[in-house]
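See structure below.
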Amino acid sequence: MSEQDPNRYDSPAQDPVSGLRETVTAVARAFAGDDSIEPSLDSSPKPEMGDYSSNAAMVMSKALGRPPREVAGELADEIAGRLGESVERTEIAGPGFINLFLADDWYRRAVAGLADPAGGTVPPVEHPERALVESVSANPTGPLTAASGRHAAYGDAVTRLLRATGHQVSTEYYVNDGGSQIENFAASIAARMTGDEPPEDGYRGEYVTDLAERARSERIDPDDLETLARSGVGWMVDSIRASLVGFGVEMDGFFSERSLYDEGLVDRGIEWLREAGHTFERDGALWLRTTDFDDDKDRVLVRSGGEPTYFGADVAYHADKVERGFTRLIDVLGADHHGYIGRMDAAIRAMERPGVEFEVQIMQMIHLVEGGRRTKMSKRAGDIVTLDELLADIGNDAARFFLLQRSADRTMDLDLDLARSQSSDNPVYYVQYAHARIQSILRKAAAEGRGHDPAARTEVPVDRSEKALIDRLLDYPGEVHEAAARRAPHRICAYGTEVAAAFHAFYRDCQVIGAEGEGLEASRLTLCEVTAQTIERSLGLLGISAPDRM
RNA sequence: GCCCCCGUAGCUCAGAUGGAUAGAGCGCCGGCCUUCUAAGCCGGAUGUCGCAGGUUCGAAUCCUGCCGGGGGCGCCA
C-alpha cells in the first residue's frame with residue numbers, strides 16, 4: 001500500500017468529501033478574509049453541473065462588493081490549484097456556483113477508501129452526550145397499538161442514530177401503573193370476572209375478558225381490586241415487552257411509576273424543586289411556579305388530598321433521570337401530550353441542574369388505511385389494530401419502513417394494502433432487493449473464483465452511473481449525522497431508496513463480472529461490496545434486515 | 001379564545017437552518033429479460049408549492065396576516 005507501487009491505491013487518511021469541503025472552506029475564508037463564512041459543498045443536482053458544487057462566491061460577493069460570477073472565477077482557480085489532480089476542471093454556472101468536475105482517479109480512490117475497514121464509517125460527534133430516550137410509555141391497560149408501533153420504531157431508530165454518531169444512549173419505557181385509570185382497569189377486569197358490564201368509561205376490549213379468565217384461574221378475588229390491578233398490569237407489561245421484542249425494539253428498562261412512590265422518589269424530586277424555591281402552596285395543594293419558566297399557568301404537584309398528581313410523579317421520574325447522570329433527556333410523546341411540554345420543560349429548568357438538556361419529540365397521529373378507508377382506533381372500546389396484528393399482517397421490515405418513512409411531525413396514513421403487497425409496489429422491497437441483487441453477484445463471483453483486491457488500480461474511465469452511485473455512498477456519514485441531529489430517521493429511508501436507485505441504474509449500465517478492462521472487474525466488485533455494506537448499515541439504523549436472497 | 005402540527009403532482013409524502021429547470025413512490029400511458037435476480041430499468045403525462053403581502057441578487061424554505069384540516073388547553077393520565 002505504498003506510493004512506490006503504481007498499481008495500488010493508498011487508503012485515504014480521511015473521508016474524501018470532507019477533504020474537498022475543507023479545501024473549499026479554507027480557500028473561501030482566506031479569500032473573503034472572514035473565518036465565519038460557511039460555503040456549501042454538495043453533490044451537484046445534475047451531471048452537467050459537475051460532481052460537486054459550492055455557493056462560496058455567492059455568500060461573499062455582497063461583502064466584497066463584487067459580482068458573484070467574477071469572484072467565483074478566481075475562487076475556482078484557487079480551489080483547482082489546491083486540489084491538483086483530483087479535479088479535472090471547474091465551471092462557473094448560474095448565479096455564481098462553482099462546479100467541480102472531479103477526476104476519475106478521485107472516484108477510484110474513494111471506492112478503495114470505502115472498502116478500507118475504517119472506510120465509510122461515521123465519525124463520532126465532537127461532544128458526545130449521555131442521553132436517555134423515553135418512548136412508547138403507553139398505558140399498561142391494553143396491548144400496544146399500531147400507533148405505539150410508530151413511537152417504538154421512531155424511538156428505536158433515533159437511538160440507533162445517536163449511537164451511530166457516538167452518543168451514549170439508554171432507552172426506557174415509563175409504566176403508568178398508578179392512578180385512576182388503573183383502578184378503572186382493575187374494575188373492568190373484575191366486572192368481566194363476575195359477568196357484569198365494565199364501568200361506563202372502562203376497558204371493553206376482548207383482552208380484558210382474557211385477563212379476567214386468567215385472574216379467575218389464579219384464584220384472585222374479584223373484590224380484591226388491589227391485587228387485580230397489580231396482576232393485570234404485570235400481565236400487560238409482560239405482553240407489551242414481548243410485543244416490543246418481537247418488533248426488534250429493545251428497552252433498557254421499564255420504569256414503574258409506582259416504584260417512585262414505593263422508594264420515596266416522588267418526595268425527593270419535589271424536594272429539589274422546593275429547595276430551589278419554585279414551589280408554593282395554595283388551596284391546600286403544592287404548586288410549581290412553572291410560569292417563571294414560560295408556562296401558561298402554574299401546575300399542581302401535590303393535590304390538596306396529599307396525593308401527587310401525574311405531573312408530580314413525572315417530575316420525580318425526570319429528576320431521577322438527571323440523578324442517574326443523563327445530560328440529555330429525550331421524551332417521545334404523542335401529539336395529544338403536546339400541551340404537557342411547557343410544564344415539563346419548566347420543571348426541568350426549575351431543577352436548576354446546568355448542563356441538562358430536555359427535549360420532546362412529538363409524534364403525530366397515524367391512521368391505518370385499508371381499501372381506501374381509515375380504520376378506527378380506540379383503546380377503551382377495544383376497537384384497535386394492535387401492533388402484534390400489524391406485524392403479523394405486513395411483517396416487521398415493512399412495518400418499520402412504513403412507520404419510519406414519514407417525518408414524525410406529520411400525521412400519517414399507512415396503506416395496509418400497499419404495505420402488505422410483496423411486490424414492486426412496496427418501497428421496502430425496493431431497497432432490500434438492491435442488496436439481494438448485489439449478494440447474488442458477489443456469490444457468483446466467489447463461486448467462479450474471481451478475487452478482487454480493493455486496492456487494485458484500473459485506468460478504465462468511471463462510468464456516469466458508477467459515479468452517481470459512488471456519490472451517494474460518500475453521502476452516508478453526512479446523512480447519518482444529519483438524521484441523528486435532527487432526530488429524523490425518515491431521512492435514512494429516503495437515503496436508502498436513493499442508494500438502491502443508484503445501484504439499479506449502475507446495474508443496468510455496467511457489467512460487473514467479466515467487465516472488460518484491466519482491473520475493472522475487481523474495481524466494480526469492490527463497488528458492489530461497499531454498496532451492499534452501505535445499504536445494510538442504512539437499513540440497520542432503521543432496524544430493518546438486509547436479506548441476501550429474495 | 002390561546003398553543004402545537006400540517007397544507008407541495010390524481011393518492012401517500014420528501015424537500016427545515018434561503019440557491020440552479022421543485023422531487024420520490026403509488027396510480028396512468030408506452031417500451032426493455034439467449035449476459036451478474038424484471039421485487040428491476042428507460043421514456044411520457046399531471047404542479048397558481050393553501051391565499052395575500054414583506055425581507056433580497058435569489059423564497060416551497062425566513063417574517064406578518066388570513067383561509068382550510070388535525071391535535072391540545074383538569075388538583076385526569
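Residue numbering restarts at 1 for every chain, and letters A, B, ... go by the order of the sequence lines.
- Considering only the side chain of F97(A), A20(B) comes nearest among C76(B), G15(B), A20(B).
- A salt bridge does not link E172(A) to K321(A): none of the charged side-chain nitrogens sits closer than 4.0 Å to a carboxylate oxygen.
- Between D471(A) and K467(A), no side-chain nitrogen of the basic residue sits less than 4.0 Å from a carboxylate oxygen of the acidic one, so the salt-bridge criterion is not met.
- Side-chain atoms of L416(A) and V385(A), non-hydrogen and from C-beta on, never get closer than 4.5 Å to each other.
- Regarding the sugar-base torsion, C33(B) falls in the syn class, its angle being within 90° of 0.
- Closest to the A93(A) side chain, of the nucleotides A77(B), C5(B), A20(B), is A20(B).
- Side chains of N176(A) and Q181(A): a donor-acceptor N/O pair is absent below 3.5 angstrom, by distance only.
- Separating the P atom of A52(B) from that of G43(B) is a span of 35 Å, rounded to the nearest Å.
- Side-chain contact, H337(A) with D331(A): no donor N or O sits under 3.5 Å from an acceptor N or O.
- Nucleotides A9(B) and A24(B) are separated by 14 Å at their P atoms, to the nearest Å.
- For F506(A) and F503(A), the ring centers sit closer than 6.0 Å to each other.
- Residue M365(A) has its side chain nearest to G71(B) when only C75(B), C41(B), G71(B) are considered.
- In this structure, of C41(B), G19(B), C13(B), it is C13(B) that holds the atom nearest to the side chain of D413(A).
- Taking the P atoms as reference points, U64(B) lies 15 Å from U55(B), given to the whole Å.
- The base-pairing partner of A9(B), taking Watson-Crick or G-U wobble contacts with both distances under 3.5 Å, does not exist among the strands shown.
- Listed pair K62(A) / C57(B) meets the phosphate criterion, a side-chain N or O lying under 4.0 Å from OP1 or OP2.
- When the nucleotides G71(B), C6(B), C36(B) are ranked by their closest atom to the side chain of R410(A), C6(B) comes out on top.
- A 4.5 Å side-chain heavy-atom check between L333(A) and H338(A) finds every atom pair outside the cut-off.
- Atoms OG and CD, from S53(A) and E91(A) in turn, are 10.5 Å apart once rounded to the nearest 0.5 Å.
- Closest approach to the P45(A) side chain among A20(B), G71(B), A38(B) is made by A20(B) (side chain taken as heavy atoms from C-beta onward).
- A distance of about 33 Å separates the P atoms of C28(B) and G71(B), rounded to the whole Å.
- Here A77(B) is the nucleotide among G19(B), A77(B), A24(B) with the atom lying nearest to any side-chain atom of Y310(A).
- Rounded to whole angstrom, the span from the OH atom of Y429(A) across to the C1' atom of A38(B) amounts to 17 Å.
- Listed nucleotides: U17(B), A20(B), A24(B). Nearest to the side chain of N99(A): A20(B).
- Per the geometry, CD1 belonging to I362(A) stands 15 Å off P belonging to G71(B), to the nearest Å.
- For I92(A) and A20(B), the CD1 to C1' distance is 13 Å, given to the nearest whole Å.
- For the atom pair NZ of K444(A) and CD1 of I513(A), the computed distance is 5.5 Å after rounding to the nearest 0.5 Å.
- Across every strand in view, C66(B) sits in a pair with G50(B) that passes the Watson-Crick or G-U test at under 3.5 angstrom.
- Rounded to a whole angstrom, the distance from the C1' atom of C41(B) to that of U37(B) is 13 Å.
- Across all strands shown, R549(A) has heavy atoms under 4.0 Å from base atoms, whether or not it also approaches the sugar-phosphate.
- Residue D509(A) is classed as having no contact, given no heavy-atom separation below 4.0 Å to the nucleic acid.
- Considering only side-chain N and O atoms, Y495(A) lies nowhere under 4.0 angstrom from the phosphate OP1 or OP2 of A24(B).
- The gap from the P atom of C11(B) to that of U17(B) amounts to 26 Å, rounded to the nearest Å.
- Between the base of U12(B) and the side chain of R406(A) there is a donor-acceptor pair shorter than 3.5 Å.
- Nearest to the side chain of H490(A), among G71(B), G15(B), U37(B), sits G15(B).
- Using C1' as the reference atom, C49(B) and C6(B) are 14 Å apart when rounded to the nearest Å.
- Of the residues near RNA chain B, P308(A) and S44(A), the one whose nearest nucleotide (by heavy atom distance) lies more toward the 5' end is S44(A).
- Taking only side-chain nitrogens and oxygens, R303(A) comes nearer than 4.0 Å to OP1 or OP2 of A77(B).
- Separating the CG atom of D298(A) from the C1' atom of G74(B) is a distance of 15 Å, rounded to the nearest angstrom.
- Comparing G58(B) with G54(B), their C1' atoms are spaced 15 Å from each other, to the whole Å.
- The nearest whole Å value for the distance from the OH atom in Y433(A) to the C1' atom in C36(B) is 11 Å.
- Contact annotation for E498(A): no contact, since no heavy-atom pair falls under 4.0 Å across all strands.
- A straight line from OH of Y507(A) to P of C41(B) spans 12 Å, rounded to a whole angstrom.
- If you measure from atom CD of Q364(A) to atom C1' of G69(B), you get 12 Å, rounded to the nearest angstrom.
- Nucleic acid contact class of E38(A) (heavy atoms, under 4.0 Å, all strands): none.
- Distances from the side chain of D409(A) to the nucleotides C36(B), C5(B), A77(B) place C5(B) closest.
- Across all strands shown, C2(B) forms a Watson-Crick or G-U wobble pair, both distances under 3.5 Å, with G72(B).
- Judged by distance alone, with hydrogens and angles left aside, H338(A) brings a side-chain donor or acceptor within reach of the base of G71(B), the pair sitting under 3.5 Å.
- Base-pair partner of C32(B): G40(B) (Watson-Crick or G-U wobble, both distances under 3.5 Å).
- Comparing V300(A) and M49(A) by the nucleotide of RNA chain B that holds the closest heavy atom to each, the one mapping nearer the 5' end is M49(A).
- Between H435(A) and U37(B) there is no side-chain N or O to OP1 or OP2 distance below 4.0 Å.
- Taking 4.0 angstrom as the limit, K297(A) places a side-chain polar atom (N or O) nearer than this to OP1 or OP2 of G74(B).
- No engagement by G342(A) is indicated, since no non-hydrogen atom pair under 4.0 Å with the nucleic acid exists.
- Put simply, R508(A) has a side-chain N or O that comes within less than 4.0 Å of OP1 or OP2 on C42(B).
- Rounded to whole Å, atom C1' of C36(B) lies 14 Å from atom NE2 of H504(A).
- Judged by distance alone, with hydrogens and angles left aside, D42(A) brings no side-chain donor or acceptor close enough to the base of A20(B) to form a pair under 3.5 Å.
- Classified by interplanar angle (parallel below 30°, tilted 30° to 60°, perpendicular above 60°), the ring pair F311(A)/Y340(A) is perpendicular.
- For T309(A) against A77(B), a side-chain-to-base donor-acceptor contact under 3.5 Å is absent.
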